[in-house]
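Step one of this worksheet: look at the structure below.
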Amino acid sequence: MEVADGVSVADVASRIGSRLAQAAVAARLNGKLVDLAAVLGPDGPQAIEILTDKSDEALSIMRHSAAHVMAAAVRRLYGEGVKFGIGPAIEDGFYYDFDLPERIAEEDLERIEAEMARIVGEKAPFERQDVSHEEAVSIMQAAGQDYKVELLRGIAGGGAAEGEQLHDAEAKPQSRGAVSLYRSADFVDLCRGPHVPHAGKIPAVKLLSVAGSYWRGDSTRPMLQRIYGTAFFSKQALQEHLRRLDEAKKRDHRRIGRDLDLFSFHVEGPGFAFMHARGMVILNEILAYWRRVHHEAGYEEIRTPTILSEALWHRSGHWDNYREAMYFTEIDEAAYAVKPMNCPGGLLVYQNRPHSYRDLPMRVAELGLVHRHEKSGVLHGLMRVRQFTQDDAHIYCLPEQVQEEVVGVIRLVDAIYRTFGFEDVRVELSTRPEHSIGTDEMWEHATGALRGALDASGLEYVVNEGEGAFYAPKIDYHIRDCLGRSWQCGTIQVDLAMPERFDLTYVGPDNAEHRPAMIHRAILGSIERFLGILIEHYGGDFPLWLTPVQMAVLPVSDRFNAYGAKVLETLDTAGLRAELDDASDKVSAKIRRATLRRIPYMLVVGEREQEVGTVSVRDKALGDLGAESVDGFAARATDEIREKRLRPTAQGPA
Ligand SMILES: [Zn+2]
Ligand SMILES: [Zn+2]
C-alpha cells in the first residue's frame, strides 16, 4: 500500500477495511509493538501487522491497559494522595501496586470494579505523550509520585530498574532522552505502552484479590497493596476463566493435602515439606512403579551423599554458575556444600573404576535428595520447595549410542506420563545458546542426536533456537493437566562439559582411552512437585493404586462389626489398604465421612451381607454397584490396581 507521510497505523487499518479498523487493538510496526495512533516512519517500505482481539499480544496489551484503568479508578476513589508503584500485565491477568493509607479489603474490589466500568463506559482515550527525561521527573515530582521518580532515576542511571524480572512495561528502561507518558481518565503514568486506543476496548474485567507486596520485591522497602485482576475480550471467555480459577481453588494441592492429611509445612522448615504417613503411601507407590519400569529399561540405582566438599562444586562448575542457590556448611573446619544436583556425586561413582566400551551404555539412576535456595516469596506448597527428590539418571555411552539412548528415554517418559493420565504433552528442543562451551562439532553431534531421536519417535516438537543450557542442548517436556495448565517436568540433556571436567574415560576396542558421552535426564522432575501436580490433576481422587486408603468397610450397626472385621482381614490379606469404620454412627454418616476422605470404595455390611458373605459396594464416583462376594470384590480391586486404571472422576471438568 502506498501511503502519504504522517499516516497512522489506524488509518492504514481503515483503508484495508472498516471491520479490521473496528477489531484493531494495537499493531506491530517494523517489528515493534505500537499504539494504533502511531505514525508511520517518514520513508521506505514499512511492515505493519494489525493486532486484533484474536492475538495473544493484543490480550496482554489490553490487560496492561486494564491495569491503568484500575489505577485511574483507585485514584478517583481514594484521592490524589495515592502513590503508584508498577502495573504490568502478567500471565492470565494484570496487577497494580498502590501506596495509600487506607487498607483495601476484598470487599472494596467491587467498588473499584464499578468505577472501572464507568471509565470503560466513557471510552476514556489513552493518550501518549513523549517528553524529555527532566520533564517526566518534574511532572512525577509535582504529583508526589515518588516511586515513579525512582523508576525514572533508574532509567537515567542506565537502567537500574532492568534487573526486575517482572514482565512489566514500566520498569524497563526507555531510551535515555525521551520518556513516554500515557494519560487515561486523568491518570498519568510513566509507561512504554502500547495501549488500546480507548478504555471501551476493555470489555470484560474482574478484580480478583488484594495482597501485600514490597516495593521492588525488597523487604526493606515499603509494603504496597497489590490488586490482581484479569480481563478478556469477551464476557464468555472471562466466565470460562473464572470457572477454571474456581476449579483450581477447589483442587489446590495445599488444601487437599491438609484435608487428606498427606503433608504439612512448618515455620521450623520453610520450603521443606513434612510428608505424613498417607502422603508417604502415595510417594512410595509412585517410587515402586518408577523403580520397576527403570529396572525393566536397564537402569541400575545408586545413592550418593547429600553433603560433599566445596572443592567438588568448584570442579563441577556449580560454584561459578549455581552458588546463589546452594547451602554451605563446614565439617572439621573444611568447607562443604549441600548438593543442589546429583551429577557430581554420580560422576565420582563412574570414576571409581575403569570402564570398557563393553560396559556401555551404563544407565545409572538416583532418586537424589537435593536442596536449592528458593526465595521465600516464591515458595508455593509442594510446587516450589527448597528440598526435593529428583528422579535423576545419568547415561554414559559411546558417542554413536546417544541417539538410541535418547529414543529409549523418550519411550520411558511416554509410558510414565500415560500411566498417570497425562496425554497432552508438549515437547521442546532447545539448541545452542550464544554463550556456550564446547566446539561446533560437539554441539552439532549432540543436537543432531536429540533431533534424530525425536524424529525417530515420531514426536511433534517445537525448537527453541538458542535456549539450551550453556553446556548442553536439551529436550524439555511440558505436561498439561486437566485444568489446561502446563507443567515442565521431564528433561533430557546431552552434556558437553562434565565428561571433560571430570576427565571421564572408557577403554575402547583399540585399548586406548576415550571420552564417553553423558546424558542427564529426569522424568517426573521433583517427586514432591509431581505429587502436587497429581493432587490437582486428580482433584484429590487418586487412582486406586495410589490411594492411601483404598476402601472402607462400613457396618450398618455395631452388630455387624465382627463381620466387618472379618471382611477387613480378607482385604488385608489380599494386600489391599482397607479400613473398618466401627464407630457407632449411622451408615449415612459413615458414607459421608468416607466420601470426604476421598476413599474410592465403600463396602457396606449388614444382615444380608453377613448371611451370604458379601459386601454392598459403593463406588465414590459411580454410586451403588450392588452386592458382591468379598473375594470377587478383592480380585476386581486388585485388577484395577495392577492395571493402574484411572478413576472415573479423574478426567476433570468437562
Ligand atoms: Zn503502563
Ligand atoms: Zn545430572
Side-chain angles (χ1 to χ4, degrees), residues 26 33 35 60-72 75 84-90 94-98 126-129 136 140 145 147-148 151-152 155 161 166-174 179-185 187-196 199 202 229 231 299 302 304 308 312-313 316-318 321-322 339-350 362-368 370 372 389-396 409 469 471-472 474 490-499 501-502 504 516-523 525-526:
L33 291 173
D35 299 323
S60 166
I61 289 167
M62 185 272 281
R63 286 171 171 168
H64 178 195
S65 301
H68 279 236
V69 169
M70 176 169 75
R75 187 171 170 277
F84 299 92
I86 57 169
I90 51 174
F94 61 87
Y95 69 77
Y96 214 115
D97 287 344
F98 305 103
F126 277 84
E127 290 161 333
R128 180 186 172 111
Q129 191 189 359
M140 287 303 169
Q145 293 300 334
Y147 301 112
K148 298 292 177 188
L151 289 174
L152 281 162
I155 293 165
L166 312 160
H167 339 255
D168 75 50
E170 272 80 3
K172 293 245 176 73
Q174 310 179 23
V179 172
S180 55
L181 302 177
Y182 276 82
R183 175 190 296 274
S184 184
F187 169 66
V188 182
D189 204 353
L190 165 67
C191 182
R192 273 195 321 174
H195 281 287
V196 297
I202 308 172
Y299 284 75
I302 61 168
T304 66
L308 291 162
L312 178 70
W313 303 102
S316 67
H318 286 88
N321 296 299
Y322 211 73
K339 71 174 173 185
M341 295 185 197
N342 303 301
C343 334
L347 288 162
L348 296 184
V349 174
Y350 180 90
M362 282 172 61
R363 308 186 188 107
V364 189
E366 175 167 17
L367 291 161
V370 297
R372 295 179 185 174
T389 311
Q390 246 187 343
D391 68 322
D392 221 339
H394 296 109
I395 299 174
Y396 308 95
V409 177
Y471 59 88
K474 56 178 184 156
T491 183
I492 308 172
Q493 313 181 348
V494 181
D495 194 316
L496 303 174
M498 293 293 180
R501 279 177 183 265
F502 281 78
L504 300 191
M518 179 185 186
I519 301 168
H520 307 249
R521 42 114 294 181
I523 296 177
S526 144

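Every number for a ligand or one of its atoms is a count from 1 in the order of the listing.
- Proximity of the aromatic rings of Phe84 and Phe187 is defined here by a centroid distance below 6.0 angstrom, and this criterion is met.
- The ND1 atom of His520, the Zn ion (ligand 2) and the SG atom of Cys343 define an angle of 110° (nearest 10 degrees).
- Because the distance cut-off is set at 2.8 Å, His64 qualifies as a neighbour of the Zn ion (ligand 1) through one of its N, O or S atoms.
- Of all N, O or S atoms in His394, the one lying closest to the Zn ion (ligand 2) is NE2.
- An angle of 110° is found at the Zn ion (ligand 1) between Cys191 atom SG and His68 atom NE2, rounded to 10°.
- Between Ser184 and His195 there is no side-chain heavy-atom pair separated by less than 4.5 Å.
- Of the N and O atoms on the side chains of Tyr182 and Asp35, at least one donor lies less than 3.5 Å from an acceptor on the other residue.
- Considering only heavy atoms from C-beta on, Phe94 comes within 4.5 Å of Met70 through its side chain.
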